[in-house]
**Student:** 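Have a look at the structure that comes next, please.
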Amino acid sequence: MIIKKMLLGLAAVLLVFVVAFFVFLSLDSEFARFTDSTGIYTCVITVPHWERLVPRFPGQGSDASCFFEIFKDRKSMGKIPVAMLQYKDDFYWEQKTPRSVPTGAYVKLQGEWDFVKHTCYFWSEDQKTKIWVEVSHE
């Protein structure tokens with residue numbers, strides 16, 4: 001009787017740990033943050049936790065997939081998946097002058113945001129189809 005209760009308790013604890021582990025894997029962690037020159041828009045790059053558990057050779061850590069999401073006043077302007085973390089170096093704000101308010105942003109060969117039209121899209125793997133992301137309007 002006591003052994004059955006102990007086994008049942010052990011199974012319950014194990015189940016809690018397994019569920020917590022899968023919840024942990026489903027979350028993202030922030031990798032980098034960029035703010036435009038006016039301070040209005042912020043781009044946040046996140047990496048899924050499970051990507052951190054994938055073994056990689058030295059120098060290949062930036063091959064991990066990630067997400068780019070732009071915020072204005074804590075509201076998302078759209079989130080796109082990006083094939084590799086190394087594309088962080090190909091992120092640009094679209095501005096007429098260095099001090100002007102951005103009209104959009106893009107990651108070369110990956111996706112684009114248009115702040116005026118409130119649109120956001122990313123390219124399919126074959127680079128032939130734009131996949132539009134729903135963006136909340138102000």
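Keep in mind it's a predicted model, so treat the numbers as computed, not measured.
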**Student:** Main chain of T129, side chain of S124: is a donor-acceptor contact present, judged purely on distance under 3.5 Å?
**Tutor:**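 Yes; at least one donor-acceptor contact below 3.5 Å.
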**Student:** What's the spacing between F68 CZ and D90 CG if we round to 0.5 Å?
**Tutor:**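 One finds 8.5 Å between CZ of F68 and CG of D90.
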**Student:** Atom CD of E30 and atom SG of C66: how far apart are they, to the nearest 0.5 Å?
**Tutor:**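 With rounding to 0.5 Å, CD (E30) is 12.5 Å from SG (C66).
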**Student:** What are the two closest heavy atoms between Q95 and P102, and how far apart are they?
**Tutor:**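 It is CG-CA, 3.7 Å.
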**Student:** Looking only at heavy atoms, which two atoms of P81 and Q110 are closest? And how far apart?
**Tutor:**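 So the two residues come closest at O-OE1, 4.4 Å.
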**Student:** Identify the two heavy atoms, one from Y41 and one from D36, that lie closest to each other, and give their separation to 0.1 Å.
**Tutor:**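 Looks like N-OD1, 2.7 Å.
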**Student:** Could you tell me if the side chain of I80 sits less than 4.5 Å from the side chain of W113, heavy atoms only?
**Tutor:**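 In contact.
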**Student:** Take E112 and W123, measure what side-chain contact (heavy atoms from CB on, under 4.5 Å) needs, and give me the verdict at the end.
**Tutor:** CA-CA 9 Å; E112 185 175 324; W123 288 100; over 6 Å; no
**Student:** Is I2 close to M6 at the side-chain level, that is, under 4.5 Å between some pair of heavy atoms?
**Tutor:**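 They are in contact (side-chain heavy atoms under 4.5 Å apart), so the answer is yes.
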**Student:** According to a 4.5 Å side-chain heavy-atom criterion applied to Ile, Leu, Val, Met, Phe, Trp and Tyr, with indirect links allowed, do V19 and V16 form part of one hydrophobic cluster?
**Tutor:**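 No, no single cluster joins them.
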**Student:** Would a 4.5 Å heavy-atom cut-off, applied to side chains only, mark I70 and F91 as touching?
**Tutor:**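 SC-SC contact between I70 and F91 confirmed.
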**Student:** Looking at OG1 of T35 and CH2 of W93, how far apart are the two atoms once the value is rounded to the nearest 0.5 Å?
**Tutor:**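 Interatomic distance, T35 OG1 to W93 CH2, rounded to 0.5 Å: 7.0 Å.
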**Student:** To the closest 0.5 Å, what do you measure between OH (Y121) and CD1 (I131)?
**Tutor:**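 Here the rounded value is 12.0 Å.
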**Student:** Taking all heavy atoms of V135 and all of C120, pick out the closest pair and write down the distance.
**Tutor:**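 Shortest heavy-atom separation between V135 and C120 comes out as CG2-CB, 3.6 Å.
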**Student:** Atom OG1 in T119, atom CH2 in W132: separation rounded to 0.5 Å?
**Tutor:**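 Rounded to the nearest 0.5 Å, the OG1-CH2 separation comes out at 5.0 Å.
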**Student:** In this structure, would F67 and Y106 fall into the same cluster of hydrophobic residues linked by side-chain contacts under 4.5 Å?
**Tutor:**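 Not linked; separate clusters.
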**Student:** Does the pair K79 and D28 meet the rule for a side-chain contact (heavy atoms from CB on, under 4.5 Å), with working shown?
**Tutor:** CA-CA 13 Å; K79 181 177 184 177; D28 297 337; 3.4 Å; yes
**Student:** For the atom pair CZ (F22) and CG (L27), what is the distance rounded to the nearest 0.5 Å?
**Tutor:**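 One gets 13.5 Å once the value is rounded to the nearest 0.5 Å.
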**Student:** Which atom pairs, donor and acceptor, lie under 3.5 Å between side-chain atoms of residues 42-50 and protein residues at least two apart or in another chain?
**Tutor:**
residue : atom : partner : partner atom : Å
H49     : ND1  : F24     : O            : 3.0

**Student:** Considering all heavy atoms of both residues, which atom of G104 and which atom of F115 are nearest to each other, and what is their separation?
**Tutor:**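 Heavy-atom minimum between the residues: N-CD1, 3.4 Å.
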**Student:** If you count every heavy atom of other residues, nucleotides or ligands that lies below 6.0 Å from I3 atom CD1, does the total exceed 12?
**Tutor:**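 Counting neighbours around CD1 of I3, 12 or fewer heavy atoms of other residues, nucleotides or ligands fall under 6.0 Å, so no.
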**Student:** If you count heavy atoms of other groups shown closer than 6.0 angstrom to CD of Q86, is the number above 12?
**Tutor:**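 Yes, enclosed.
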**Student:** If you look at every heavy atom in M77 and F71, which pair is closest and at what distance?
**Tutor:**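 That would be CG-C, 4.3 Å.
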**Student:** Going only through I, L, V, M, F, W and Y residues with side-chain contacts under 4.5 Å, is there a path from M84 to F31?
**Tutor:**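 Same cluster.
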